[in-house]
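Input: a single structure, listed below in structure tokens.
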Amino acid sequence: MRIPVLAANWKMFKTVGETVSYLKEFCALTAGVSGAEMVVAPPFTAIRAASEAARGSNVGIAAQDCYWEQEGAFTGEISVRMLKDAGACYVIVGHSERRRLFGDTDERVNRKLGAVLAAGLTPIVCIGETLEERDAGRTLAVLDRQVEAGLAGLTPAQVASLVIAYEPVWAIGTGRNATPAQAGEAHAHIRGKLAATFGAEAAAACRILYGGSVKPENIKDLMAIEDVDGALVGGASLTVSSFFAIVSGAQLV
Ligand code: 13P
């Protein structure tokens, strides 16, 4: 059985103080939640404080990105070893904003993924097509390429431990989420691709989240889709009440 994951990607929002007060409230509210993994990804600067605020709770802390080298002359970069030391258990890799604005390619995603796995942390790997790619009928081919190149060289056991987030780029921050049919098609395709490449067992164990305008109002319908194992939430995760409503909604299914 795949345990659902509800993950908050805060992007470039929240100071240390805002992070701590959010997590204290959120951890108290979710103390009784079982049967779902909850994850919060604050900015790098708040990871240490977040992990301290969430200690003893069932909320895990994620980083939003990483660099693949352990250390060295890489000004501005942060290694997985440093993230682990700060208390992160998960690392988001290949978010479309990193791909589009900061030059992450499938090859870079693959190197980051290797570093996260080598450190024993759980990667949350983002894939998804742009609007142009969808309109051109290339959605499934793009997903295939991102899985093939992004996950190249991984073992079936590593794939089983992965979290993948399907985030159609046109649905991020637009208020326009994928329809259940669109999400269902993409998720089933990704799982089929994983099965063909890494075997049925790895594919069946890998959690595939949906991301893109997830809100308390649409989480139930998304979670009802067979291959949707949770959500990666941006804007609607920034307030405790709305992320908690998403966690609650996801669990009702
Ligand atoms: P929104 O939920 O704000 O659309 O963002 C989705 C996202 O990018 C999560 O990583």
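- Looking at Arg191, its side chain does come within 3.5 Å of a backbone N or O of Ala203 through a donor-acceptor pair.
- Judged by distance alone, with hydrogens and angles left aside, the side-chain atoms of Asn9 form no donor-acceptor pair with the main-chain N or O of Gly234 at under 3.5 Å.
- Here the closest heavy-atom approach between residue Val116 and residue Cys66 is recorded as CG2-SG, 3.8 Å.
- Counting heavy atoms from C-beta outward, Ser237 and Ile246 have side chains that stay 4.5 Å or more apart.
- The line from CG of Leu154 to CG of Asn110 is 7.0 Å long, rounded to the nearest 0.5 Å.
- Environment of CD in Gln182: crowded, with over 12 heavy atoms of neighbouring residues, nucleotides or ligands closer than 6.0 Å.
- Asp221 contributes atom CG, which lies 11.0 Å from atom OG1 of Thr179 (distance to the nearest 0.5 angstrom).
- With hydrogens and angles disregarded, no donor-acceptor distance shorter than 3.5 Å links the side chain of Ser96 to the backbone of Cys126.
- Side-chain N or O atoms of Thr197 include none that pairs as donor or acceptor with a backbone N or O of Leu194 at under 3.5 Å.
- Applying side-chain contact (heavy atoms from CB on, under 4.5 Å) to Tyr210 and the options Val233, Asn177, Ile225 leaves one that passes, Asn177.
- When the shell of 6.0 Å around CD of Glu77 is examined, it contains more than 12 heavy atoms from other residues, nucleotides or ligands.
- Heavy atoms only, all atoms of each residue included: Pro4 and Gly35 are closest at CD-O, 3.2 Å.
- Not counting sequence neighbours, the partners of Asp104 by the side-chain hydrogen bond (donor to acceptor under 3.5 Å, both in side chains) test are Arg108, Lys112.
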task: Would you sort out whether Val247 and Leu29 count as a side chain to side chain contact (heavy atoms under 4.5 Å, CB included), showing the intermediate values?
output: CA-CA 11 Å; Val247 169; Leu29 274 175; over 6 Å; no

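- Under the side-chain hydrogen bond (donor to acceptor under 3.5 Å, both in side chains) criterion, Arg138 pairs with no residue at all, not counting sequence neighbours.
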- request: Decide yes or no on side chain to side chain contact (heavy atoms under 4.5 Å, CB included) for Glu129 and Leu140, but give the supporting numbers first.
  value: CA-CA 8 Å; Glu129 81 287 359; Leu140 303 182; over 6 Å; no

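- Rounded to the nearest 0.5 angstrom, Ile208 CD1 and Asp227 CG are separated by 6.0 Å.
- Taking each heavy atom of Val142 and Gly128 in turn, the nearest pair found is CG1-O, 4.3 Å.
- No donor-acceptor pair under 3.5 Å is formed between the side chain of Lys193 and the backbone N or O of Val147.
- The stretch residues 116-125 participates, sequence neighbours left out, in no salt bridge (Lys or Arg N to Asp or Glu O under 4.0 Å) pair at all.
- Trp170 and Val214 fall into different hydrophobic clusters, where Ile, Leu, Val, Met, Phe, Trp and Tyr side chains are chained together by heavy-atom contacts under 4.5 Å.
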- prompt: Is there a side chain to side chain contact (heavy atoms under 4.5 Å, CB included) between Val169 and Arg99 once you walk through the steps?
  reply: CA-CA 11 Å; Val169 178; Arg99 293 179 190 255; over 6 Å; no

task: Start with the C-alpha gap between Ser161 and Leu117, add the side-chain angles, then the distance that decides, and say whether side chain to side chain contact (heavy atoms under 4.5 Å, CB included) holds.
output: CA-CA 9 Å; Ser161 75; Leu117 287 165; 3.9 Å; yes

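- With sequence neighbours left out, Glu71 forms a salt bridge (Lys or Arg N to Asp or Glu O under 4.0 Å) with Arg81.
- Cluster membership check: Val93 shares its hydrophobic cluster with Leu143, using side-chain heavy-atom separations under 4.5 Å among Ile, Leu, Val, Met, Phe, Trp and Tyr.
- Between the CZ atom of Arg207 and the CD1 atom of Ile3 there is a distance of 6.5 Å, given to the nearest 0.5 Å.
- Ala88 and Ala63 make their closest contact through CB-N, 4.2 Å (heavy atoms, listed as atom of the first residue, atom of the second, distance).
- Pairing each heavy atom of Ala50 with each of Thr19, the nearest pair is CB-CG2, 3.7 Å.
- Within 6.0 Å of CG in Leu131 there are more than 12 heavy atoms belonging to other residues, nucleotides or ligands.
- Annotation for Glu201: atom CD does not count as buried by contact number, only 12 or fewer foreign heavy atoms lying within 6.0 Å.
- Judged by distance alone, with hydrogens and angles left aside, the side-chain atoms of Ser242 form a donor-acceptor pair with the main-chain N or O of Ala236 at under 3.5 Å.
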- request: Step by step, work out the side-chain hydrogen bond (donor to acceptor under 3.5 Å, both in side chains) result for His189 and Asp144.
  value: CA-CA 9 Å; His189 184 82; Asp144 281 347; 2.7 Å; yes

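- Applying the side-chain contact (heavy atoms from CB on, under 4.5 Å) test to Ile78 and every residue at least two apart in sequence or in another chain returns Phe44, Met82, Leu83.
- Side-chain contact between Glu167 and His95 is present, with heavy atoms from C-beta onward closer than 4.5 Å.
- Within the hydrophobic cluster formed by Ile, Leu, Val, Met, Phe, Trp and Tyr side chains joined at under 4.5 Å, directly or through other members, Val5 is accompanied by Val39, Tyr90, Ile92, Ile124, Val163, Leu209, Leu232.
- A continuous path of hydrophobic side-chain contacts links Phe244 to Leu238 [ILVMFWY only; heavy atoms under 4.5 Å].
- Leu162 and Val91 fall within the same hydrophobic cluster, defined by Ile, Leu, Val, Met, Phe, Trp and Tyr side-chain heavy atoms under 4.5 Å apart, directly or through other members.
- In this structure, Asn58 and Thr30 approach most closely via the heavy-atom pair OD1-O, 3.4 Å.
- Between Phe243 and Phe26, the angle of the ring planes stays under 30°, which puts this pair in the parallel group of the 30/60° scheme.
- Note: Phe74 and Tyr67 have tilted aromatic rings, judged against thresholds of 30 and 60 degrees for the angle between ring planes.
- Val16 and Trp10 fall into different hydrophobic clusters, where Ile, Leu, Val, Met, Phe, Trp and Tyr residues are linked whenever their side-chain heavy atoms come under 4.5 Å apart, directly or through other members.
- At least one donor-acceptor pair under 3.5 Å links the side chain of Asn218 to the backbone N or O of Ser213.
- Note: Leu151 CG to Phe198 CZ = 5.0 Å, rounded to the nearest 0.5 Å.
- Between the side chain of Glu37 and the main chain of Leu6, no donor-acceptor pair closer than 3.5 Å is present.
- Once rounded to the nearest 0.5 Å, the distance linking CD1 of Ile61 with CZ of Arg48 reads 12.0 Å.
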